[in-house]
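First listed ligand is number 1; within each ligand, the first listed atom is number 1.
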Amino acid sequence: MTNTDNINTNRKVLLAPSLLAADNLNLEGSINSLGNNYDWLHLDIMDGHFVRNLSFSPDTARALRKRYPDAFIDVHLMIDRLEVLLPMFIETRPSLITIHAECEGHLLHASLSEIKKAGIKTGISLCPPTPVRNIESVLELADLVLIMSVTPGFGGQKLIPSSFDKVRELVSLREAYKYNYLIEIDGGINENNIISAAKAGCDVIVAGSAVFNNNNPCEWLAKFKEALNNLDIYGI
Ligand code: DX5
Ligand code: ZN
């Protein structure tokens with residue numbers, strides 16, 4: 001399992017393929033096609049209300065944990081009604097659960113604390129129009145901040161370039177206040193912008209269609225893993 005501890009110190013960039021773009025009739029086959037070249041498995045949960053789409057259920061999260069006991073399972077909740085649904089996802093024992101700042105904002109502290117108390121890493125996500133300042137008061141509770149670089153709901157969209165400014169802002173805040181969160185980016189990542197994402201300061205990069213629509217997902221991941229790890233990020 002790849003833990004989030006000590007990742008900031010060596011600035012190793014992690015790759016998290018998004019199962020939203022995997023083969024729905026053969027998720028296991030899709031995961032096997034990644035070989036050993038993925039770091040985290042990103043699982044998007046959509047409720048048809050917070051976003052205009054539906055995706056996986058707690059049963060999928062539970063089956064994933066059962067089949068891959070050592071995998072770092074990165075659950076991204078794009079849902080309302082956290083008070084009902086969050087306990088159901090906690091119970092499936094993922095490695096990390098990300099909730100959205102825009103969803104029932106008054107519950108943010110309580111929900112992050114609930115995740116933490118269960119021994120699961122915490123993530124907080126921002127949709128493209130939401131500024132970083134909206135989550136300043138909860139940053140100390142976050143193991144990860146996820147910047148959505150497309151409107152959440154669907155894979156295969158075009159990355160919104162201003163997302164990188166938010167990543168840079170989070171890097172500065174982390175430095176200024178000695179926070180420990182990782183910065184993750186999600187949406188529209190492809191071979192043309194993945195290096196820029198790392199240079200902006202992302203620690204974890206989610207990619208769905210770029211990975212699974214490729215003829216050889218394993219090779220795609222290997223290629224960019226090497227490129228990212230050889231990047232002189234501080235030299236830019
Ligand atoms: C979108 C999801 C993403 C999605 C990314 O709401 O959160 O994780 O799978 O897909 P791509 O990489 O195709 O933009
Ligand atoms: Zn996602």
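Residue contacts with ligand 1 leave out Ala21, since none of its heavy atoms falls under 4.0 Å from the ligand. A heavy-atom separation below 4.0 Å is not found between Val150 and ligand 1. Residue contacts with ligand 1: Gly153 is included, with a non-hydrogen atom under 4.0 Å away.
Listed for the Asn53 side chain is a donor-acceptor partner under 3.5 Å among the backbone atoms of Gly153. Although no hydrogens or angles enter the test, the distance criterion places a donor-acceptor pair under 3.5 Å between the side chain of Asp143 and the main chain of Thr122. In terms of modelled atom types and a separation under 3.5 Å, the side chain of Asn26 and the main chain of Gly29 share a donor-acceptor contact. Between the side chain of Ser95 and the main chain of Asp74, no donor-acceptor pair closer than 3.5 Å is present. Formation of a donor-acceptor pair under 3.5 Å by the Ser18 side chain with backbone atoms of Ala207 is not found in this model. Side chain of Thr130 to backbone of Leu126: no donor-acceptor contact under 3.5 angstrom is found.
Annotation: atom 10 (O) of ligand 1 to nearest protein heavy atom, Gly155 CA, 3.5 Å. Looking only at heavy atoms of the protein, atom 14 (O) of ligand 1 is closest to Gly188 N, 2.8 Å. Among all non-hydrogen protein atoms, the one lying nearest atom 9 (O) of ligand 1 is Ser18 OG, 2.7 Å. For atom 5 (C) of ligand 1, the closest non-hydrogen atom on the protein side is Asp186 OD1, 3.5 Å. Remark: minimum distance from atom 13 (O) of ligand 1 to any protein heavy atom is reached at Ser209 OG, 2.4 Å. Of all protein heavy atoms, the one lying nearest to atom 12 (O) of ligand 1 is Gly208 N, 2.7 Å.
Contact annotation: the side chain of Leu77 approaches that of Leu86 to within less than 4.5 Å [non-hydrogen atoms, C-beta and beyond].
The shortest N or O to N or O distance between Gly187 and ligand 1 is not below 3.5 Å.
Within ligand 1, the atoms closer than 4.0 Å to a non-hydrogen atom of His76 are 7 (O), numbered from 1 in the order shown. Shown in contact with Gly156 at under 4.0 Å from a heavy atom are these atoms of ligand 1, numbered in order with element: 11 (P), 13 (O), 14 (O). Near Asp44, with a cut-off below 4.0 Å to any heavy atom, the atoms of ligand 1 are 2 (C), 3 (C), 4 (C), 7 (O), 8 (O), 9 (O). In the vicinity of His42, heavy-atom distances shorter than 4.0 Å reach the ligand 1 atoms 8 (O). Listed by number with element, the atoms of ligand 1 under 4.0 Å from a non-hydrogen atom of Met78 are 6 (O), 7 (O). The ligand atoms of ligand 1 that sit less than 4.0 angstrom from a heavy atom of Phe154 are 1 (C), 6 (O). Against a heavy-atom cut-off of under 4.0 Å, Pro152 is close to the following atoms of ligand 1: 6 (O). Listed by number with element, the atoms of ligand 1 under 4.0 Å from a non-hydrogen atom of Met46 are 6 (O).
For the side-chain hydrogen bond (donor to acceptor under 3.5 Å, both in side chains) condition, the pairs that include at least one residue of residues 161-171, sequence neighbours left out, are Asp165-Arg168. Judged as a salt bridge (charged side-chain N to carboxylate O under 4.0 Å, His left out), the pairs with a partner in residues 204-230 (not counting sequence neighbours) are, in order, Asp39-Lys225.
Scanning all heavy atoms of the two residues, the minimum distance from Ala101 to Leu108 falls at CA-CD1, 4.0 Å.
Around the Zn ion (ligand 2), the protein N, O or S atoms closer than 2.8 Å are His42 NE2, Asp44 OD1, His76 ND1, Asp186 OD2, listed by chain and residue number.
Annotation for Val150: hydrophobic cluster partners, listed by chain and number, are Met148 (ILVMFWY side-chain heavy atoms under 4.5 Å, direct or chained).
In this model, no donor atom of one side chain and acceptor atom of the other lie less than 3.5 Å apart for Ser55 and Asp44.
Contact check on Asp203 versus Arg174 returns a salt bridge, with a Lys/Arg side-chain nitrogen under 4.0 Å from an Asp/Glu carboxylate oxygen.
Ring geometry for Phe72 versus Trp40: interplanar angle under 30°, hence parallel rather than tilted (30 to 60°).
Contacts between Ala207 and ligand 1 below 4.0 angstrom, taking non-hydrogen atoms only, involve the backbone exclusively.
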**Request:** Could you walk me through whether Leu96 and Ile73 pass side-chain contact (heavy atoms from CB on, under 4.5 Å), step by step?
**Result:** CA-CA 6 Å; Leu96 184 145; Ile73 299 174; over 6 Å; no
